[in-house]
Amino acid sequence: MLQQETTMGKSLEEVHSSVDTTKQTSFWRRLFSFLGPAYLVSVGYMDPGNWATDIAGGSQFGYKLVWVLLMSNLMAILLQSLSARLGVVRGLDLAQASRETYPPFINVPLYFLAEIAIAACDLAEVLGMAIGLQLLFGMPLLWGVSLTVLDTFLLLFLINKGMRKMEAFVLALVMIIGGAFVIEMFFAKPDVSELVTGFIPSIPNNEALYIAIGIIGATVMPHNLYLHSSLVQSRKIDRTPQGIWRAIKYNFVDSAVALNLALFVNAAILILAAAAFYENGIHTVTEIQDAHKFLAPLLGSKWAPILFAVALIAAGQSSTLTGTLAGQIVMEGYLNLRIQPWLRRMITRLLAVGPALFVIIYFGEDQTGELLVLSQVILSLQLCRDPFDPLCQQQKEDG
């Protein structure tokens with residue numbers, strides 16, 4: 001069933017319908033006009049939380065958990081496609097659809113669960129960005145976490161320049177991450193025959209199960225479902241049945257390409273950890289800082305740890321931008337709360353910086369790796385949604 005937009009407030013109204021796809025006539029121009037939202041979503045699939053779970057999995061179990069990444073990516077493509085369909089067909093993001101579908105006594109817990117998921121995600125992103133700054137410049141973690149508040153103003157600057165400018169900036173960061181790991185793979189020289197066996201499903205022990213759950217949570221991130229259903233609405237489309245189905249098709253292509261790029265990055269991190277650490281008998285690398293320290297002597301290149309730190313900063317910066325947008329979408333959609341954009345984003349950022357500062361001060365810098373993995377396990381628990389949620393209903397309506 002194809003439904004028209006409701007009278008509910010527009011999702012991300014600053015950029016809503018700001019990219020006109022109706023004027024493009026050729027296939028490639030039309031496809032290009034739709035490409036973008038999934039790349040902003042994909043950075044959540046290669047954020048520092050993914051790094052922590054992938055490094056832990058690769059260093060402890062070699063290539064044995066590569067299949068978990070592949071299965072998680074297939075799940076992600078399915079869920080993100082449904083999320084995009086929700087935004088295209090109904091003109092609502094997931095938070096708005098939940099608010100419209102459920103009574104308040106269900107919506108309030110859903111809102112708090114969504115905020116917990118975003119807080120867990122932001123904690124990983126903020127810590128990862130701070131760790132990257134520490135590795136590259138020697139900056140204390142407390143300073144690095146405090147500097148992430150400035151991301152709010154960068155996001156305001158980019159979104160005021162238009163959706164396409166922000167997408168181009170994030171895509172540039174994604175290319176930095178991907179390029180860095182292509183070079184890292186050249187240094188690591190993984191065992192291809194062992195890598196192939198990693199696609200055979202197996203869980204060696206309970207510790208592997210814990211990390212596998214973390215990988216699922218780090219890959220299929222709940223806040224990305226809210227984000228994607230909103231970002232696709234930045235495209236102005238023809239609201240006829242033919243135009244809507246065309247938008248669904250192009251958004252699926254966007255999702256498949258972007259998420260497979262994210263799969264490559266995640267697999268590269270796990271493979272790098274397996275080749276550099278597991279194959280050299282180092283099976284206890286749980287901290288990103290330790291991974292960075294061991295890379296130079298193990299791979300025989302001074303550039304390996306530098307590329308690692310640069311890619312980590314790019315991953316943290318890009319994912320904090322999209323995480324802040326997701327926080328705005330959840331707050332506006334569930335609460336129908338309309339306040340100034342800069343204030344909304346500052347609140348979202350402070351909700352992440354506060355817990356990160358507490359973690360560093362109370363637990364110490366040497367516990368950040370374990371907390372990054374734990375944050376991803378929390379995210380995986382958020383995926384246990386009600387079977388009657390708006391995404392499932394959208395799937396039934398689409399046939």
Side-chain angles (χ1 to χ4, degrees), residues 42-43 45-73 128 131-132 135-136 173-205 207-208 211-212 214-215 218-219 257-316 369 372-373:
S42 72
V43 299
Y45 291 81
M46 56 185 88
D47 76 341
N50 293 74
W51 288 50
T53 54
D54 294 337
I55 289 172
S59 65
Q60 294 180 49
F61 304 104
Y63 306 101
K64 291 183 178 66
L65 298 182
V66 172
W67 71 273
V68 179
L69 286 174
L70 178 61
M71 293 299 102
S72 298
N73 191 66
I131 290 170
L135 297 178
L136 199 59
L173 293 177
V174 170
M175 297 308 294
I176 290 173
I177 300 168
F181 277 103
V182 167
I183 300 173
E184 295 275 17
M185 287 297 98
F186 176 78
F187 292 137
K189 297 181 175 64
D191 187 329
V192 177
S193 60
E194 286 293 322
L195 172 58
V196 171
T197 63
F199 290 98
I200 302 173
S202 66
I203 298 291
N205 54 40
E207 181 64 24
I211 293 176
I215 289 175
T219 306
V257 173
L259 296 185
N260 278 300
L261 176 60
L263 171 64
F264 166 78
V265 171
N266 279 316
I269 297 170
L270 190 146
I271 293 167
L272 175 65
F277 308 133
Y278 182 81
E279 292 184 0
N280 287 283
I282 303 175
H283 301 160
T284 57
V285 180
T286 58
E287 302 290 333
I288 292 178
Q289 296 94 321
D290 292 339
H292 176 268
K293 180 176 65 178
F294 293 142
L295 279 177
L298 289 175
L299 300 185
S301 171
K302 66 177 182 179
W303 289 104
I306 294 175
L307 289 168
F308 184 87
V310 169
L312 181 58
I313 291 173
L372 283 171
V373 174

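Remember, predicted model here, so these are calculated numbers, not experimental data. Note that the numbering runs from 1 along the sequence shown for the chain.
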Next on the checklist: Going by ring pair (Phe, Tyr, Trp, His ring centres under 6.0 Å), name the residues that satisfy it together with F181, two or more places apart in sequence or in a different chain.
Outcome noted: W51

Item to check | Between CZ on residue F308 and CG on residue L135, distance to nearest 0.5 Å | outcome: 7.5 Å

Item to check | Side chain to side chain, E207 and F61, heavy atoms closer than 4.5 Å | outcome: yes

Checklist entry - Between CD1 of I269 and CG of L69, what distance do you get to the nearest 0.5 Å? => result 9.0 Å

Checklist entry - To the nearest 0.5 Å, what is the distance between CZ (F199) and OG1 (T197)? => result 9.5 Å

Checklist entry - Are any side-chain N or O atoms of Y63 and backbone N or O atoms of D191, one a donor and one an acceptor, separated by less than 3.5 Å? => result yes

Checklist entry - Out of curiosity, N260 CG to L263 CG, how far, rounded to the nearest 0.5 Å? => result 6.0 Å

Checklist outcome for this item: Here the pair of heavy atoms bringing K64 nearest to P204 is CD-CG, 3.7 Å

Item to check | Nearest heavy-atom neighbours spanning A262 and S42 | outcome: CB-O, 3.9 Å

Checklist outcome for this item: Residue set satisfying side-chain contact (heavy atoms from CB on, under 4.5 Å) with L173, at least two apart, ordered chain then number -> F169, I176, A314, Q317, S318

Checklist outcome for this item: Separation between CD1 (I313) and CD1 (I177), nearest 0.5 Å, reads 11.0 Å

Checklist entry - Of all heavy-atom pairs between I200 and W67, which one has the smallest distance, and what is that distance? => result O-CD1, 3.7 Å

Checklist outcome for this item: Separation between CD1 (I271) and CE (M185), nearest 0.5 Å, reads 6.0 Å

Checklist entry - Is there a side chain to side chain donor-acceptor pair (under 3.5 Å) between Y278 and E194 once you walk through the steps? => result CA-CA 12 Å; Y278 182 81; E194 286 293 322; over 6 Å; no

Item to check | Considering all heavy atoms, the nearest A315-M46 contact | outcome: CB-O, 3.4 Å

Checklist outcome for this item: When every non-hydrogen atom of A273 is compared with those of S59, the smallest separation belongs to CB-N, 3.8 Å

Item to check | Min side-chain heavy-atom separation L65-V68 under 4.5 Å | outcome: yes

Next on the checklist: Test your reading of the model: is there a side-chain donor-acceptor pair from N280 to the backbone of A276, 3.5 Å cut-off?
Outcome noted: yes

Item to check | Axial cation check for F186 ring with K189, 6.0 Å and 45° limits | outcome: yes

Checklist entry - Just by distance, do the side chain of N266 and the backbone of Y45 share a donor-acceptor pair under 3.5 Å? => result yes

Item to check | Where L270 and V66 come nearest, the two heavy atoms and their spacing | outcome: CD2-CG2, 3.6 Å

